[in-house]
Visitor: 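What follows is a structure written as structure tokens; I'll ask about it next.
Note: hydrogens, waters and symmetry copies are ignored here, and every other heavy atom, side chains too, is used. Since this is a predicted model, take the numbers as computed values, not measurements.
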Amino acid sequence: MLRVGRAVACMACKNMVSNNMGVRFRMPLQKLHPLSRAVHHRYNASANPQRPPHCSAARHFTSMSRLPMRPPKPPPGGHGGWRYQQHRNFWMLRLASRLLKLRYIVLGSAVGGGYTAKKTYEEWKDMLPDMSAYNWVIPDFVWELSDQIDLDKLTKILPELEEIAKLLPELPDFDKIGENFTFLKSILSTGVSVGSEGASGLRLLLEAPGDTPVKAATEAPVTATPEASDKQFKKSSDKEKVDQLQEELLRTQMKYQRMLERLEKENKDLRKVVLQKDEKGIHQRKIKVCKSLIDMYSEVLDILSDFDSNYNTQDHLPRVVVVGDQSAGKTSVLEMIAQARIFPRGSGEMMTRSPVKVTLSEGPHHVAMFKDSSREFDLGKEEDLAALRHEIELRMRKSVKEGQTVSPETISLSVKGPGIQRMVLVDLPGVISTVTAGMAADTKETIFSISKNYMQNPNAIILCIQDGSVDAERSIVTDLVSQMDPQGKRTIFVLTKVDLAEKNLASPNRIQQIVEGKLFPMKALGYFAVVTGKGSAGESIDSIKDYEEDFFQNSRLLRDGMLKAHQVTTKNLSLAVSDCFWKMVRESVEQQADAFKASRFNLETEWKNNYPRLRELDRNELFEKAKNEILDEVISLSQVTPKHWEAILQKKLWERVSTHVIENIYLPAAQTMNSGTFNTTVDIKLKQWTDKQLPHKALEVAWETLQEEFARFMAEYKGKDQDDIFDKLKEAVKDESIKRHKWNERAMDSLRVIQHNALEDRSITDKPQWDAAIQFMEETLQARLKDTDSVINDMVGPDWKQRWMSWKNRSPEQHTRNETRNELERLLKLHEDHTAYLANDEVTTVRKNLEGRGVEVDPALIKDTWHQLYRRHFLQKALQHCNLCRRGFYYYQRHFVDSELECNDVVLFWRIQRMLLITANTLRQQLTNTEVRRLEKNVKEVLEDFGEDNEKKVHLITGRRVQLAEDLKKVREIQEKLEAFIEALHKEK
């Protein structure tokens with residue numbers, strides 16, 4: 001309140017007289033009361049003793065300046081009473097003159113009040129946003145209300161009051177004036193007679209210095225009862241006055257808050273209607289720019305989240321990082337900002353298992369969408385909200401690897417709706433102090449690492465969430481935040497669950513210490529207190545807002561001044577965070593664009609120096625190139641000639657079955673030395689072989705042949721291109737395709753019938769087939785004979801020539817086998833038609849003969865050596881018989897049964913050879929007609945699966961060339977999007 005003293009002036013002397021406050025008034029003398037004019041001359045004379053008075057009134061009252069401040073008591077007697085009455089009348093006049101000066105007080109109050117009103121009006125006007133661009137949104141009744149107020153008159157009056165106020169060196173103190181009025185009212189209302197002491201006290205009240213009027217009055221010697229009542233009334237009135245002012249201030253704030261909320265709601269509804277229209281007016285274009293701006297920025301952040309540069313170009317673009325202790329209310333605060341319950345909820349358990357990036361923007365409908373999905377979730381429908389929460393939970397669990405509890409992989413989500421503040425927030429897993437059962441051992445360290453990675457960004461805004469319902473000393477996140485941002489230049493502190501804190505805390509001043517930054521060692525840009533519901537999972541956002549508003553309206557924290565109005569509610573928090581976010585973006589985005597420009601130059605220089613003649617193909621482009629090459633190689637299989645297929649299949653099939661044919665069919669049948677027994681044995685064994693083993697062996701051979709040819713074409717193509725980047729990919733595609741390929745089971749049954757019919761045929765129709773069978777038999781027997789000789793040589797060791805030329809010696813076992821061989825060869829010379837097995841007496845004879853020469857031999861060794869020697873002897877005789885049968889086709893064709901030349905073994909080999917030819921032809925048809933196409937289909941499926949698996953592509957397509965091309969692509973894309981974003985940001989400014 002302003003203070004004013006008293007001042008009078010005289011127009012006759014043109015003099016200004018100041019009171020003790022230094023306030024001057026210039027007023028015509030004619031308008032002054034006669035008594036006031038006299039008092040003026042008295043003051044003028046006392047102020048200027050050298051200047052004579054101008055009027056008789058002044059001379060008459062000159063002596064009054066020497067009157068005592070308190071009239072003397074009247075002496076006893078009658079004359080004293082008359083004089084006392086005269087003095088009393090004089091003091092009554094003085095009292096009246098003082099009371100008349102109250103009009104100056106009223107005048108000064110009007111002047112000061114007008115000036116204060118103008119300042120308050122200007123402050124409120126500056127605080128309100130510029131709504132000129134949204135005049136089309138404000139309803140008509142607002143303009144009708146404004147027309148009822150004559151703002152022009154008020155505007156004209158305020159400058160005049162301001163000019164009057166400029167003439168005052170110091171404005172009056174209205175607080176002190178109010179105290180004077182209160183004290184005067186108490187005196188007048190008490191009904192106490194004002195005697196000489198009362199008059200003297202009132203005079204002291206009016207003449208006391210302007211800064212201590214009440215003090216002077218209370219020190220005046222009045223009666224005891226009024227003095228005590230005055231002190232008590234002063235104390236009670238001061239307290240009541242403060243309470244009334246605070247309540248009035250709160251009511252005024254809430255009134256304007258409700259008005260703003262109502263206007264914002266109407267504005268929000270109208271903006272929604274405008275956004276839904278297809279007209280492209282100026283306002284709609286402006287809204288579209290704002291909408292696309294945050295989307296452009298979010299795309300840059302999504303690309304940066306997957307970018308890993310080797311040039312230390314880190315992601316320093318701003319985003320709001322939401323950190324806090326577990327169950328501190330991080331997710332609830334974010335949901336209040338997003339105006340929807342979009343996150344999964346749990347009671348005390350960890351729900352946020354991976355970072356969730358939420359891009360908030362304005363739009364006509366309240367919807368949410370994932371970055372990698374086209375589905376829109378309508379946040380106004382409860383079933384869509386439930387589906388969204390379920391999808392977020394599934395993505396979190398999918399991102400967590402086996403054996404882990406949290407994941408650093410970011411889930412990108414966008415939320416749009418009317419009235420939502422534009423910003424990008426990242427919700428991080430809550431910080432824990434102890435690893436509980438069911439968690440990985442490194443969960444605590446992993447959460448700290450994830451939080452630090454996001455907070456160490458020098459342009460990241462840290463939204464530190466602290467639970468107000470628990471002891472502040474239990475907080476972990478505050479220490480972590482103070483380490484990452486010691487100066488608090490980018491930290492906003494949020495105290496949640498303030499309703500529980502006010503209810504539970506014995507000293508509410510502790511909340512004031514928290515929001516003033518005096519309790520925690522961390523510093524912050526701003527401190528906020530919010531309420532995010534009553535703790536029920538079924539609460540809606542609107543009900544939480546109403547509860548929060550009602551709480552702060554009735555809370556003593558706001559009423560007692562512990563919290564400021566701008567520090568409460570999530571709405572104010574959202575506005576502050578959005579402003580801070582965009583301020584940080586405007587300050588840092590161009591610097592980040594320059595950093596990526598320099599990184600791009602470095603990468604392009606490295607590519608030009610190392611790969612000057614190669615195109616810059618990233619991993620996806622290289623995969624497409626490899627995919628086309630592999631498909632071309634698969635198609636090349638259909639161009640293989642039938643002759644080539646059959647030759648390969650026949651050769652491989654015989655290599656697979658030759659051992660079984662010789663060892664289990666031919667030798668047992670041929671060693672019977674009987675034509676009838678030979679044919680019977682062969683037929684039985686061929687039938688068994690065809691039913692059980694031959695079809696399986698044939699299909700295995702065919703499948704292996706297809707693989708080998710597929711690999712051969714890949715190798716030939718690689719030799720032409722000379723690019724080894726695709727080696728791992730091609731090998732993986734080949735293996736996976738073969739693993740998925742299954743031969744047609746019905747082909748095995750038909751192949752079995754064909755093979756059985758081929759082996760049943762014994763009729764050789766012409767000489768070329770006979771000669772081919774003899775050649776086939778001769779080649780087979782020679783190969784077996786060669787193998788047998790090799791086995792015998794290994795058994796007996798080097799001969800004398802090798803011992804002399806190569807300095808090799810026989811081992812004792814080889815020496816024993818050599819002696820045994822010599823003894824058995826003498827036996828074979830004596831009995832060339834010996835059977836395949838030695839009799840027991842023959843084994844005993846050989847052993848005794850060897851013992852006579854000092855060689856101890858085991859009977860098993862003798863039999864083993866005999867088997868190999870007899871095998872060689874039989875194969876040599878079979879080759880001789882094969883040469884004899886070259887001219888035996890005539891006897892076979894004439895069916896000379898009694899002929900001495902029997903060539904049943906040639907017929908057997910012809911049947912085997914014919915079966916091989918027919919089987920190879922059948923398999924070739926199966927390959928070319930069915931299996932190659934099925935393999936091509938499998939290869940396409942494998943390539944499609946690999947193309948959708950980014951981890952697979954990263955693992956299979958590697959190398960510095962690939963990584964360099966990937967970095968170049970990402971850096972170019974980031975730079976282009978940043979430049980487009982900066983251009984749009986400048987346009988918005």
Visitor: Is it true that, when you exclude Glu587 itself, more than 12 heavy atoms of the residues, nucleotides or ligands shown sit nearer than 6.0 Å to its CD?
Guide: yes
Visitor: Are Ile982 and Glu590 side-chain neighbours, meaning at least one heavy-atom pair lies under 4.5 Å?
Guide: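 A side-chain contact under 4.5 Å exists here.
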Visitor: For the atom pair OG1 (Thr570) and CG (Leu334), what is the distance rounded to the nearest 0.5 Å?
Guide: 11.5 Å
Visitor: So, Glu335 side chain and Phe343 main chain: donor-acceptor pair closer than 3.5 Å or not?
Guide: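 Side chain of Glu335 to backbone of Phe343, a donor-acceptor pair under 3.5 Å: yes, one is there.
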Visitor: Start with the C-alpha gap between Val323 and Met455, add the side-chain angles, then the distance that decides, and say whether side chain to side chain contact (heavy atoms under 4.5 Å, CB included) holds.
Guide: CA-CA 9 Å; Val323 296; Met455 288 191 293; 4.0 Å; yes
Visitor: Is there a side-chain contact between Phe551 and Glu502, using heavy atoms and a 4.5 Å cut-off?
Guide: yes
Visitor: Please report the shortest heavy-atom distance between Ser407 and Ile450, naming the atom on each side.
Guide: O-CD1, 3.8 Å
Visitor: Using 0.5 Å steps for rounding, measure from the CZ atom of Arg422 to the CG atom of Asp295.
Guide: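 So the gap between those two atoms works out to 10.0 Å.
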Visitor: Between Glu393 and Arg397, does any NZ, NE, NH1 or NH2 come within less than 4.0 Å of an OD or OE carboxylate oxygen?
Guide: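 Salt bridge flag = yes for Glu393 with Arg397.
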Visitor: To the nearest 0.5 Å, tell me how far Ile541 CD1 sits from Lys545 NZ.
Guide: 7.5 Å
Visitor: What's the verdict on side chain to side chain donor-acceptor pair (under 3.5 Å) for Thr331 and Asp427, showing C-alpha distance, side-chain angles and the deciding distance?
Guide: CA-CA 7 Å; Thr331 302; Asp427 186 20; 3.3 Å; yes
Visitor: Using 30° and 60° as the class limits, which term best fits the ring planes of Trp582 and Tyr297: parallel, tilted or perpendicular?
Guide: tilted
Visitor: At their closest point, which heavy atom of Val431 faces which heavy atom of Ile447, and how far apart are they?
Guide: CA-CG2, 4.0 Å
Visitor: Side chains of Val498 and Leu557: closer than 4.5 Å at any heavy-atom pair?
Guide: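 Heavy-atom side-chain distance check passes, below 4.5 Å.
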Visitor: Are any of the side-chain heavy atoms of Ser574 and Met336 separated by less than 4.5 Å?
Guide: no
Visitor: What is the distance from atom CD1 of Ile465 to atom CZ of Phe493, rounded to the nearest 0.5 Å?
Guide: 8.5 Å
Visitor: Looking just at side-chain N and O atoms, do Gln404 and Thr446 make a donor-acceptor pair shorter than 3.5 Å?
Guide: no
Visitor: Is it true that a side-chain atom of Asn459 and a backbone atom of His316 form a donor plus acceptor pair closer than 3.5 Å?
Guide: yes
Visitor: Judged by atom type as modelled, is there a donor-acceptor pair below 3.5 Å linking the side chain of Ser451 to the main-chain atoms of Phe448?
Guide: no
Visitor: Within a reach of under 6.0 Å around CZ of Phe601, are more than 12 heavy atoms found that belong to other residues, nucleotides or ligands?
Guide: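 At most 12 heavy atoms, drawn from other residues, nucleotides or ligands, come within 6.0 Å of this atom.
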Visitor: Determine, stepwise, if the pair Arg375 / Phe370 fulfils side chain to side chain contact (heavy atoms under 4.5 Å, CB included).
Guide: CA-CA 8 Å; Arg375 177 184 177 183; Phe370 289 99; over 6 Å; no
Visitor: May I ask you to decide if Ala440's main-chain N or O and Thr443's side chain share a donor-acceptor pair within less than 3.5 Å?
Guide: yes
Visitor: Is it the case that the side chains of Ser475 and Gln466 hold a donor-acceptor pair, with the cut-off being a distance below 3.5 Å and no angle test?
Guide: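 Checked: Gln466/Ser475 side chains pair up, N/O donor to acceptor below 3.5 Å.
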Visitor: Any carboxylate oxygen within less than 4.0 angstrom of a Lys/Arg side-chain nitrogen, looking at Lys977 and Asp302?
Guide: no
Visitor: As an exercise, state the distance from CD of Gln456 to CE of Met484, rounded to the nearest 0.5 Å.
Guide: 5.5 Å
Visitor: Salt-bridge test for Arg395 and Glu391: reply yes if a basic N is under 4.0 Å from a carboxylate O, no otherwise.
Guide: yes
Visitor: Go through the steps for Ile342 and Leu413 under the test side chain to side chain contact (heavy atoms under 4.5 Å, CB included), then give the verdict.
Guide: CA-CA 10 Å; Ile342 58 178; Leu413 177 70; 4.2 Å; yes
Visitor: Provide the closest heavy-atom pair for Leu428 versus Pro355 in the form atom of the first, atom of the second, distance.
Guide: CD2-CB, 3.9 Å
Visitor: Please give me the minimum heavy-atom distance between Val367 and Asp378, naming the atom from each residue.
Guide: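 Minimum heavy-atom contact is CG1-CA, 4.4 Å.
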Visitor: Between Ile511 and Met562, is any pair of side-chain heavy atoms under 4.5 Å apart?
Guide: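 No, their side chains stay 4.5 Å or more apart.
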Visitor: Under the 3.5 angstrom rule, does the side chain of Arg341 hit a backbone N or O of Arg389 as a donor-acceptor pair?
Guide: no
Visitor: Quick check: closest heavy atoms across Leu978 and Ala593, and the distance to 0.1 Å?
Guide: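 In terms of heavy atoms, the two residues are closest at CD1-CA, 3.9 Å.
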Visitor: Can you check whether Asn453 reaches Pro408 side chain to side chain, under 4.5 Å on heavy atoms?
Guide: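 Not in contact.
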Visitor: Closer than 3.5 angstrom, by distance alone: can the side chain of Glu548 be matched with the main-chain N or O of Val531 as a donor-acceptor pair?
Guide: yes
Visitor: Here's a test for you: under side-chain contact (heavy atoms from CB on, under 4.5 Å), which of Glu376, Met369, Lys371 qualifies with Ser414?
Guide: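 The single option meeting the side-chain contact (heavy atoms from CB on, under 4.5 Å) with Ser414 is Met369.
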Visitor: First locate atom CG of Asp485, then atom CD1 of Ile462, and finally report the distance between them rounded to the nearest 0.5 Å.
Guide: 5.0 Å
Visitor: When you measure from the side chain of Thr496 to the backbone of Ala328, do you find a donor-acceptor pair of N or O atoms at a distance under 3.5 Å?
Guide: yes
Visitor: With heavy-atom distances below 4.5 Å as the criterion, would you say the side chains of Leu573 and Leu463 are in contact?
Guide: yes
Visitor: Looking just at side-chain N and O atoms, do Asp967 and Gln963 make a donor-acceptor pair shorter than 3.5 Å?
Guide: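 The answer is yes; a qualifying pair exists.
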Visitor: Do Phe596 and Val300 make a side-chain contact, defined as non-hydrogen atoms from C-beta onward lying under 4.5 Å apart?
Guide: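 Answer no - side chains too far apart.
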Visitor: Name the residue from Arg600, Lys597, Gln592 that meets the side chain to side chain donor-acceptor pair (under 3.5 Å) definition with Gln975.
Guide: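 Exactly one option meets the side chain to side chain donor-acceptor pair (under 3.5 Å) with Gln975, and it is Arg600.
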Visitor: Assess whether side chain to side chain contact (heavy atoms under 4.5 Å, CB included) is satisfied between Asn572 and Gln567, documenting all intermediate values.
Guide: CA-CA 7 Å; Asn572 291 334; Gln567 288 183 304; over 6 Å; no
Visitor: Search all heavy atoms of Val426 against all heavy atoms of Arg319 and return the closest pair with its distance.
Guide: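 Taking Val426 first and Arg319 second, the nearest heavy atoms are CG2-CG, 3.9 Å.
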